[in-house]
There are 2 protein chains.
Amino acid sequence: MKQPCGQHSHPHRLIQQPLTELTERLRQGARKITGPRQAILDVLRRHQSPLSNKEIHAALGKESCDLATVYRNLNTLEEMRLVRRFDLGDGVARFELLAEGDDGHHHHLVCRKCSLVVEIDECFPADIEAEIGRRHGFTQVSHRLEFFGLCSRCQVAPKPVV
Amino acid sequence: MKQPCGQHSHPHRLIQQPLTELTERLRQGARKITGPRQAILDVLRRHQSPLSNKEIHAALGKESCDLATVYRNLNTLEEMRLVRRFDLGDGVARFELLAEGDDGHHHHLVCRKCSLVVEIDECFPADIEAEIGRRHGFTQVSHRLEFFGLCSRCQVAPKPVV
DNA sequence: CATGGCGTTGCAAACGGATTGCACTGAGCG
DNA sequence: CGCTCAGTGCAATCCGTTTGCAACGCCATG
């Protein structure tokens, strides 16, 4: 079913432009540019909505690797700030590609039925965090904010459309 | 270690005032007033911070019951709007007692190190939800908002104080 | 272009929170 | 005071995620 990772004959084909920059960032962390690593980043590059480990694993084509490797890599990539982790509240971690220099701060509007995810611009007045922190003696305050609702499709269709 | 639930000799002792009201709401749902049920509500009544299933189970004294029963009861109680479920992002569900008529809408400020939880008043202008929904074709929009930071204790102490 | 170290991978086992099937118990109605 | 069905204990199970270990392979260095 799965095949060993060392066997792909064109290891760099999927990486298009950001190879240099990517290589740079990987090297800085004493990280290696492996087949699975590239393939995972490539899957994220092709999707706009946050993807779960399992979804990413399923989307890997012939470059597939073990699910555990997907987990490990996403943890690593998050550490390196190449991806951002989202918690949509269903107990499944999802990830988005993070652009260079981008702090990736935005929120999501999630459909309760079909889990459709829309990116949201709205956010807090930034000073509220500091204010809240000061009021309660906290520092380094950040926040997590997600909206939930019923998307237009699920309002009419009683059955979820995945 | 655990003892059967039927053995407590004073089944109603812990319930103080809200027995009538509680009984009312339980009866309406064709629910029974059992020992574990009372004990769980009582534990929540004695705490202000949200508690996990495991914490609640540990806090049950001689009224203890099976952990599975704690899970089942909290699901039931949430359904009945007697408690509110919080997701603090660590993959563990936590619960707070919900007062009669209270919609329980508020948010938390959580310490990243020691998991201290403080209740927060700040929230969104209510119309933002509707606005966001309208803009993206969603209805019934709600939100989840949590703040994370370093509490005053953990700012000085490098080690978490649980 | 060969070599070696260490970061990475596959595989399987384990982990932790949560759920569930089943037989038994007991709350509360008539 | 019985009957009935919600509730319970117990153990098995589920699912997302992590981890131990041996083999592998990326890549800095010679």
Side-chain angles (χ1 to χ4, degrees), chain A residues 1-9 11-12 15 19 22-24 26-41 51-58 60 63-80 85-95, chain B residues 1-9 11-12 15 19 22-24 26-41 51-58 60 63-80 85-95:
Chain A
M1 194 87 61
K2 289 159 200 167
Q3 69 188 84
C5 289
Q7 292 194 194
H8 31 76
S9 49
H12 281 206
I15 300 297
L19 182 77
L22 179 63
T23 308
E24 202 57 34
L26 284 169
R27 294 244 169 89
Q28 283 177 17
R31 275 6 211 291
K32 294 179 180 175
I33 304 181
T34 65
R37 204 102 93 193
Q38 294 169 204
I40 288 169
L41 286 170
L51 296 179
S52 69
N53 285 278
K54 205 183 277 187
E55 287 165 337
I56 294 171
H57 182 246
L60 296 169
E63 307 272 344
S64 184
C65 62
D66 195 89
L67 181 56
T69 298
V70 177
Y71 276 97
R72 279 190 282 231
N73 267 316
L74 285 165
N75 286 341
T76 302
L77 294 171
E78 184 195 16
E79 229 169 67
M80 305 180 67
R85 178 190 304 260
F86 281 98
D87 171 14
L88 265 31
D90 58 354
V92 180
R94 282 158 221 267
F95 299 87
Chain B
M1 192 88 61
K2 289 160 202 166
Q3 69 187 84
C5 289
Q7 294 195 193
H8 31 76
S9 49
H12 281 207
I15 301 296
L19 181 77
L22 179 63
T23 307
E24 202 57 34
L26 283 170
R27 294 244 169 90
Q28 282 176 19
R31 276 3 211 292
K32 295 179 178 175
I33 303 182
T34 65
R37 202 100 95 194
Q38 295 171 201
I40 289 169
L41 286 170
L51 296 178
S52 69
N53 286 278
K54 203 183 281 187
E55 287 166 338
I56 294 171
H57 182 245
L60 297 169
E63 307 271 345
S64 184
C65 63
D66 194 88
L67 181 55
T69 297
V70 177
Y71 276 98
R72 278 190 281 231
N73 267 316
L74 285 166
N75 286 340
T76 301
L77 294 171
E78 184 195 16
E79 229 168 68
M80 305 181 66
R85 179 190 302 262
F86 281 99
D87 171 13
L88 263 33
D90 58 354
V92 182
R94 282 157 220 270
F95 298 87

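Order of the sequence lines fixes the chain letters, A, B, ..., with proteins taken first and strands second; residue numbering starts at 1 for each chain.
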For this session: Rounded off to whole Å, could you give me the CG-to-C1' distance for the Asn75(A) and dT9(C) pair?
Result: 15 Å
Seminar exercise, completed: To the nearest angstrom, the CD-C1' distance between Glu55(B) and dG17(C) comes to 13 Å
Exercise. Any side-chain N or O of Tyr71(A) less than 4.0 Å from the OP1 or OP2 oxygen of dT17(D)?
Worked result: yes
For this session: Would you please confirm or rule out a distance under 4.0 Å between OP1 or OP2 of dG9(D) and any side-chain N or O of Thr69(B)?
Result: yes
Collect all protein-nucleotide pairs involving nucleotides 21-24 of chain C in which both atoms are nitrogen or oxygen and the distance is under 3.5 Å.
from	atom 1	to	atom 2	distance (Å)
dG21(C)	O6	Arg72(B)	NH1	3.1

For this session: Measure the CZ-CD1 distance between Arg72(A) and Ile40(A) for me, rounded to the nearest 0.5 Å.
Result: 11.0 Å
Seminar exercise, completed: Taken to the nearest whole Å, CD/Glu78(B) to P/dA18(C) is 12 Å
Seminar exercise, completed: One should read off an interatomic distance between Leu51(A) CG and His57(A) NE2, to the nearest 0.5 angstrom, of 13.5 Å
Exercise. Whole Å only: how far is the CG atom of Leu67(A) from the C1' atom of dC11(C)?
Worked result: 12 Å
For this session: Please tell me which of the listed nucleotides, dT9(C), dG9(D), dG16(D), lies nearest to the side chain of Asp66(B)?
Result: dG9(D)
Problem set entry | Residues from residues 86-95 of chain B lying under 4.0 Å of DNA chain D - heavy atoms | none
For nucleotides 2-5 of chain D, which of its nitrogen or oxygen atoms have a protein nitrogen or oxygen under 3.5 Å away, and what is each distance?
from	atom 1	to	atom 2	distance (Å)
dC5(D)	O2	Lys32(B)	NZ	3.4

Problem set entry | Presence of Asn53(A) side-chain N/O under 4.0 Å of dT18(D) phosphate oxygens OP1/OP2 | no
